[in-house]
**Student:** 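The structure under discussion is supplied below as structure tokens; questions concerning it will follow.
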Amino acid sequence: MDSQEQARVGVRRTVIRTIAALIGMFGFAFALVPLYDVFCSITGINGKVDATAKSVVHEEVDESRYINVQFITRGSPGLPWQMSVEMRQMSVHPGQMAEVDFTFTNNSHSESWGRAVPSVSPSNATLHLRKISCFCFQEQQLQANERLTIPLVFQLARDLPDDINTITLVYTLYPVEREIQSITLNNALNSSSNKDSQNDSKNSSKNNKAAGEAI
Amino acid sequence: MAPKLPPQPPLQHNTTAVADGQSHGHAAPPKGILRWLLTTNHKEIGSLYLIFSLTMFFIGGIFALVVRAELFQPGLQLVEPEFFNQMTTMHGLIMVFAAVMPAFTGLANWMIPLQIGAPDMALPRLNNFSFWLLPVSFTLLLSTLLMPGGGPNFGWTFYAPLSTNFAPPSTTFFILALHIAGISSILGAINIIATILNMRAPGMRLMDMPLFVWTWLITAFLLIAVMPVLAGVITMMLMDINFGTSFFDAAGGGDPVLFQHLFWFFGHPEVYIMILPAFGIVSAIIPTFARKPLFGYASMVYATAAIALLSFLVWAHHMFIVGLPLVAELFFMYSTMLIAVPTGVKVFNWVTTLFRGSISFESPMLFALAFVVLFTIGGFSGLMLAIAPADFQYHDTYFVVAHFHYVLVPGAIFAIMAGVYYWLPKWTGHYPNEKLAQWHFWFSIIGVNLTFFPMHFAGLAGMPRRIPDYALQFADFNLLSSIGAFFFGASQLLFVLGVILCVRGGKKAPAKAWEGAEDLEWTVPSPAPLHTFETPPVFHRTSH
């Protein structure tokens, strides 16, 4: 009887502990989602670029190295836009500032919002690619059949690892839902006294450039 | 290799510890179907699990044969590519979650209480619940094949966004089915841990437990650790599909690669969940038929624990080509290769147990020996896949298919069959028909190798997996594989026949059915009465 009682207590204890472990692991699975993002942004190993502008670092240009920078643009279903780049690849020295024009075209007869999401490969180049100005920092609005050219200004840090000779930048266009967009836009307008209102559609091209450089 | 009849056992040493359950005033069980719906007896639930698993083994097998029939010749002959995708997916899901895992749980239900001298599982009603969740889950899963848009068609690994943005509408049912199956596994694991930790016979320390119990204890911990992660992943999928979140959708700031990390964090321990109990079964059978105690008992326990721990550190070797940084590729490559060390310890111990043993080749032993040889082949192809630069070539080819079928079919499934032949005398009181079992073995081993060995070559030559058509140069390999698959599938009918004949009659088995068998289950009469060890047995420390 005594040992049976002991077993019963033991079983209860085991069950409580295993259930606690289960709940912990279920929570851990969800905790991995933000942890993964944090881990990737610290180490830069996912090719995800920081979506904030960097200031120009004035350092000596390393003229002994040429880095081949390639640009790839991709559309996505659900957004009738086309994105093109003025040149498919360019050679830059580490430390040198470079600018390249990207053109967005809305092929539909209605206005829509979109965003170009960047990805860098090889991923360990991510932290050494400094974007001074990029359309990818914010969402774009295009009127029906509008065409918009925005430059990307970037600089490769001089401490770029030696084994990297080619860097590929991929931009994928994603649709942005209107409702969500207007809510975030209103919030932004309320919280900041930014007068470059993006609602002013006629000047949207200039605004985009201005916003990119102003941050 | 002269097939021998089971050796005549020495005089049955009956135990006073065994109580005859019927005379102990148990309430008469309900009759008919209710008896099986309401049973809380570990032996009956174990049988239910095993019957369920065998049924699903055939359903999953039929799906595999649809795949093999389509691949018999190049070109599209029999099924639409969409249906082909559903068949590969369902074959994987059914075999993993409905055939192999429940078979091991069934063996655990039957044998763990008998091997540790417990009267039943610690939580008998929970045990009943966790079994009956399974038919619900897999009826639901199979029913998706009849739904508009068809069943899941994204592979058993259900990578997002293929399984979210581009999936058939039935995917929500697939998620629910997997949730139910996961809950069933988790409850089973809780029950097994509670039983093993609290209900051993007096005097039995952890290091006295048979290895089948040990491997299952470690497996149950793996289940507790990773099934919630699977539940988390499919919950995220559910939210991505139905509630507009973007865990795995880059358009909303999510990351498809995150899905693969989460899935394989579950998925790699999962493959050990499917093989560790097999190690336990083989570690019981080889000493019995070599008539020697197991060599290196303690090292077997530590090796199992080491494999389980390492399984949490190797998941990204499934994702070498997603663009991991070099450091990560190297880490996961070396940690994966490290697993070969404890696995090598195990193979060494089995071989050394055989060394200078007086071996006889009854059917359980044949399957166990085939396990050791063929599982090792599967392990070696695993090592080849672990080499990151080589994996860039092998990734998603038939070489991978050959690898994991070698560790799962002649690995896990042969071990389950070995266990069934080994313990059938205990379950039914009759020896299985040895001649039939030998035919089954030889047909199976020819069928398995004919099916899966050519896949190595097709894969090395570059044949991609999961595609219903292939280039002409792969035609001969696929022809052989398809013939082998149908041969293997048909020969499994001999297994069913053997089990049915054994249940209905056959040569009477004594309590100690095999001459060299030592563990506690051989001290209760054959067939094992419904209630055993109502008073705990006296445990005598023997071998290890």
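Residue numbering restarts at 1 for every chain, and letters A, B, ... go by the order of the sequence lines.
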**Student:** With a 4.5 angstrom heavy-atom cut-off, which part of B/Leu262 approaches chain A: side chain, backbone, both or neither?
**Tutor:**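 It is the side chain, since no backbone atom gets that close.
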**Student:** Please state whether the side chain, the backbone, both or neither of B/Leu197 comes within less than 4.5 Å of a heavy atom of chain A.
**Tutor:**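 Interface part for B/Leu197: side chain.
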**Student:** For residues A/Thr14 and B/Asn198, is any side-chain donor paired with an opposing acceptor at under 3.5 Å?
**Tutor:**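 The criterion, which ignores hydrogens and geometry beyond distance, is satisfied for B/Asn198 and A/Thr14.
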**Student:** Please confirm whether B/Phe154 and B/Phe174 have ring centers closer than 6.0 angstrom.
**Tutor:**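 Between B/Phe174 and B/Phe154, which both carry aromatic rings, the centre distance is below 6.0 Å.
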**Student:** A/Val117, A/Leu79, A/Val33, A/Val9: which one forms the most heavy-atom pairs within less than 4.5 Å of chain B?
**Tutor:**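 Top option by heavy-atom pairs under 4.5 Å: A/Val33.
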**Student:** Any non-hydrogen side-chain atom of A/Phe137 less than 4.5 Å from a side-chain atom of A/Lys131?
**Tutor:**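 In short, these two side chains touch, coming nearer than 4.5 Å.
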**Student:** Quick one: what part of B/Ile193 sits under 4.5 Å from any heavy atom of chain A, side chain, backbone, both or neither?
**Tutor:**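 Both backbone and side chain.
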**Student:** I'd like to verify something: which residue of B/Ala122, B/Ala231, B/Ala189 has the highest number of heavy-atom pairs under 4.5 Å with chain A?
**Tutor:**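 Between B/Ala122, B/Ala231, B/Ala189, the count favours B/Ala231.
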**Student:** Between B/Phe265 and chain A, with a heavy-atom cut-off of 4.5 Å, which part of the residue counts as in contact: side chain, backbone, both or neither?
**Tutor:**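 Answer is side chain: those atoms of B/Phe265 sit under 4.5 Å from chain A.
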**Student:** Highest number of heavy-atom pairs under 4.5 Å with chain A: which of B/Ala225, B/Ala220, B/Pro202?
**Tutor:**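 Maximum pair count with chain A is reached by B/Ala225.
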**Student:** Can you tell me which of B/Val229, B/Ile190, B/Val327, B/Leu258 forms the most heavy-atom pairs within a distance under 4.5 Å of chain A?
**Tutor:**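 Ranked by contacts with chain A, first place is B/Leu258.
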**Student:** Do side-chain atoms of A/Asn106 reach the backbone of A/Leu142 as a donor and acceptor pair under 3.5 angstrom?
**Tutor:**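 At least one qualifying donor-acceptor pair exists.
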**Student:** Only one of B/Thr105, B/Asn109, B/Thr40 forms a side chain to side chain donor-acceptor pair (under 3.5 Å) with B/Asn127, so which one is it?
**Tutor:**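 With B/Asn127 as partner, side chain to side chain donor-acceptor pair (under 3.5 Å) holds for just one option, B/Asn109.
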**Student:** Heavy-atom count around A/Arg17 CZ within 6.0 Å, excluding the residue itself: above 12?
**Tutor:**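 Counting other residues, nucleotides and ligands, CZ of A/Arg17 stays at 12 neighbours or fewer.
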**Student:** Should we say atom CZ of B/Phe392 is surrounded by more than 12 heavy atoms from elsewhere, each under 6.0 Å from it?
**Tutor:**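 Yes, CZ of B/Phe392 has more than 12 neighbouring heavy atoms, counting only those of other groups under 6.0 Å.
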**Student:** Are there residues of residues 18-30 of chain A whose heavy atoms fall under 4.5 Å of chain B's heavy atoms? If so, which?
**Tutor:**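 Residues A/Thr18, A/Ile19, A/Ala21, A/Leu22, A/Met25, A/Phe26, A/Phe28, A/Ala29, A/Phe30 are the ones that qualify, each having a heavy atom under 4.5 Å from chain B.
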**Student:** Using distance alone, with no hydrogens and no angle criterion, decide if A/Arg74 and A/Thr172 have a side-chain donor and acceptor under 3.5 Å apart.
**Tutor:**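 Per modelled atom types, A/Arg74 and A/Thr172 side chains form a pair under 3.5 Å.
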**Student:** Within the side chain of B/Arg200, is there an N or O that forms a donor-acceptor pair under 3.5 Å with the backbone of B/Met209?
**Tutor:**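 Not a single qualifying donor-acceptor pair exists.
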**Student:** Between B/Phe332 and B/Trp315 (judged by ring centroids, cut-off 6.0 Å), do the two rings come close enough to count as a pair?
**Tutor:**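 Yes - the distance between ring centres of B/Phe332 and B/Trp315 falls below the 6.0 Å cut-off.
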**Student:** Quick one: what part of B/Leu230 sits under 4.5 Å from any heavy atom of chain A, side chain, backbone, both or neither?
**Tutor:**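 B/Leu230 has no heavy atom closer than 4.5 Å to chain A.
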